Number of protein chains: 2
Amino acid sequence: MEEKAVIKALAALAQASRLRVFRALVVAGRPGLTPGALGNTLGLPPATLSFHLKELAHAGLVSLERSGRHLIYRAEYAHMNGLLAYLTANCCEGEPCAVVASTSCPC
Amino acid sequence: MEEKAVIKALAALAQASRLRVFRALVVAGRPGLTPGALGNTLGLPPATLSFHLKELAHAGLVSLERSGRHLIYRAEYAHMNGLLAYLTANCCEGEPCAVVASTSCPC
DNA sequence: TCCATATTTCGATAACCGTGGAAATGATGA
DNA sequence: TCATCATTTCCACGGTTATCGAAATATGGA
């Protein structure tokens with residue numbers, strides 16, 4: 001993962017409404033959530049929510065799929081894991097160190 | 001870790017200069033680095049670097065210690081790990097999932 | 001005490017970001 | 001085709017952020 005993508009992802013998450021949206025999608029897992037459901041849960045007006053979802057999608061942290069007249073948003077676990085890995089890479093000059101924020105999420 | 005702290009940490013990292021500073025400190029490990037060394041490595045003017053270091057310190061991502069006429073900045077691994085854990089908590093509705101960004105860094 | 005070096009604070013500027021109402025777009029079923 | 005519901009785009013406002021030169025503040029050594 002490149003620095004630019006990392007910064008975009010971090011910036012996307014560094015905002016209360018977006019972090020909540022993303023967390024809700026992370027918890028939701030495979031089935032994902034529609035903007036309507038997210039809006040109800042989090043109490044965000046449609047325009048605001050749409051703005052933030054686009055921001056998250058741009059950052060690669062969520063994906064969307066149309067299903068009838070609904071959209072389904074899902075967390076992109078691989079991208080999130082790339083982000084975590086970037087932050088911990090080459091930690092501590094090779095000293096023994098348990099971070100190496102693991103792996104991938106096969107949800 | 002609370003949402004507010006998480007957002008502060010993410011915002012602190014969502015900026016190229018700061019991310020580079022933090023990464024340099026993560027790699028440096030226990031010995032840490034002085035602002036002078038960071039400035040040389042990253043080519044940042046003193047005022048800019050100082051601004052960013054304060055930002056990182058405020059976010060809890062780095063700590064500093066005075067040593068003679070030098071300051072030593074270090075990455076706060078525990079805080080970083082708290083951040084990673086927050087992002088992956090309760091992932092995927094309890095489906096089996098390898099994320100759970102591990103543990104702590106005993107560097 | 002005084003100097004040289006390390007680092008921070010001040011201040012000004014330009015650019016970016018979050019918010020949400022109102023209007024537009026897109027999709028479906030009748 | 002039309003009515004309806006879901007979602008996005010447009011727009012304007014106020015607030016926050018990054019940058020860095022110049023000046024101020026440590027600190028230790030001579």
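All values derive from a computational prediction rather than experimental measurement. Each chain gets a letter, A, B and so on, in the order its sequence line appears, and its residues count up from 1.
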query = Any side-chain heavy-atom pair from Leu53(A) and Pro35(A) closer than 4.5 angstrom?
reply = yes
note = Among dT8(D), dT19(D), dG18(C), the one nearest any side-chain atom of Gln15(B) is dT19(D)
key: Euclidean distance, atom NZ of residue Lys8(A) to atom C1' of dC16(C) [Å, nearest integer]   = 14 Å
inquiry  = From CZ of Phe51(A) over to C1' of dG20(C), roughly how many Å is that when rounded to an integer?
reply    = 11 Å
Nearest-angstrom distance from the residue atom CD1 of Ile72(A) to P of dA6(D) = 14 Å
task = Would you confirm whether Gln15(A), through its side chain, and Arg18(A), through its main-chain N or O, come within 3.5 Å as a donor-acceptor pair?
result = yes
task = Starting from P on dG18(C), measure out to NZ on Lys54(A) and report it in whole angstrom.
result = 13 Å
note = Per atom distances to the Leu71(B) side chain, the nearest of dT8(C), dT8(D), dT19(C) is dT8(C)
task = To the nearest Å, give me how far apart CG (Asn40(A)) and P (dT7(D)) are.
result = 10 Å
key: Phosphate OP1/OP2 of dA6(C) contacted by Tyr73(B) side-chain N/O (<4.0 Å)   = no
request  = Summarise how protein sits on nucleotides 21-30 of chain D as a single string, 5' to 3': B when a protein heavy atom is under 4.0 Å from the base, S for sugar-phosphate-only contact, - for no contact.
outcome  = BB----BS--
ask   = For Pro35(B), which contact category applies under a 4.0 Å heavy-atom criterion: base, sugar-phosphate, or nothing?
value = sugar-phosphate
Side-chain heavy atoms of Tyr86(A) within contact of Glu3(A), under 4.5 Å = yes
ask   = Rounded to whole angstrom units, what separation is found between the CG atom of Leu38(A) and the P atom of dT7(D)?
value = 9 Å
message = I want to confirm an ordering. Mapping Ala37(B) and Leu44(A) to their closest nucleotides on DNA chain C, which one lands closer to the 5' end?
response = Ala37(B)
message = Keeping Ser50(B) on the side-chain end and Pro46(B) on the backbone end, is there a donor-acceptor pair under 3.5 Å?
response = no
request  = Would you mind reading off the distance between Glu55(B) atom CD and dC20(D) atom P, rounded to a whole angstrom?
outcome  = 15 Å
request  = State, with a plain yes or no, whether a side-chain heavy atom of Tyr73(A) is found less than 4.5 Å away from one of Leu33(A).
outcome  = no
ask   = Within this structure, what is the CG-to-C1' distance between Leu42(A) and dG18(C), rounded to whole angstrom?
value = 16 Å
key: SB check Arg74(A) Glu65(A) (cutoff 4.0 Å)   = yes
task = Return no unless some side-chain N or O of His52(A) is found under 4.0 Å from OP1 or OP2 of dT19(C).
result = yes
ask   = Are Leu44(B) and Ser17(B) side-chain neighbours, meaning at least one heavy-atom pair lies under 4.5 Å?
value = yes
